[in-house]
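One structure is given below, encoded as structure tokens.
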Amino acid sequence: MKPYEIKQMIIDDGFDGQESVTAEFTHNHNDYSITFNKADLELLNTWLFEAETSIPANLSDDMIESIREDIKKRI
């Protein structure tokens, strides 16, 4: 079983002139967002949502790679 659950994915064809893929997911009862460049799935940013704000998330390389593989299978 994976340590996270992807809740939704958004493919944006207008982000800074390039397509991106954003996945919203939960991990340890927290909500996160991770965005990759769609063309090569290079990591663009990660966010942790707390209360009424968001802060940059500190995700492990293993978790980022696992999410990247999930996204690759879905697009």
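Numbering starts at 1 and runs along the sequence shown. Quick caveat: nothing in here was measured; it's all calculated off a predicted structure.
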>> One pair to check against side chain to side chain contact (heavy atoms under 4.5 Å, CB included): Lys38 and Asp13. What are the steps and the verdict?
In response: CA-CA 9 Å; Lys38 185 180 176 199; Asp13 60 3; over 6 Å; no
> Rounded to the nearest 0.5 Å, what separation is found between the CG atom of Leu48 and the OG1 atom of Thr53?
Replying inline: 9.5 Å
> Would Trp47 and Phe36 show up in the same hydrophobic cluster when neighbours are defined by side-chain heavy atoms closer than 4.5 Å?
Replying inline: no
>> Using only atom types and a distance under 3.5 Å, with no angle test, would you say the side chain of Tyr4 pairs donor to acceptor with the backbone of Ser66?
In response: yes
> To the nearest 0.5 Å, how far apart are OG1 in Thr46 and CE in Met63?
Replying inline: 11.0 Å
>> So, taking the atom named NZ in Lys2 and the one named CG in Asp70, what distance separates them when rounded to the nearest 0.5 Å?
In response: 3.0 Å
> Any side-chain heavy atom of Ile34 within less than 4.5 Å of one from Ile64?
Replying inline: yes
>> Regarding Asp31 and Lys7, does a basic nitrogen lie under 4.0 Å from an acidic carboxylate oxygen?
In response: no
>> How close do Ile6 and Phe25 get, counting heavy atoms only, and between which atoms?
In response: CA-CB, 3.8 Å
>> If we ignore hydrogens and angles and just use 3.5 Å, is the side chain of Ser20 paired with the main-chain N or O of Thr35 as donor and acceptor?
In response: no
>> Would you compute the distance between atom CD1 of Ile67 and atom CE of Met9 and round it to the nearest 0.5 angstrom?
In response: 12.0 Å
>> Please check: side-chain N/O of Asn28 versus main-chain N/O of Asn30, any donor-acceptor pairing under 3.5 Å?
In response: no
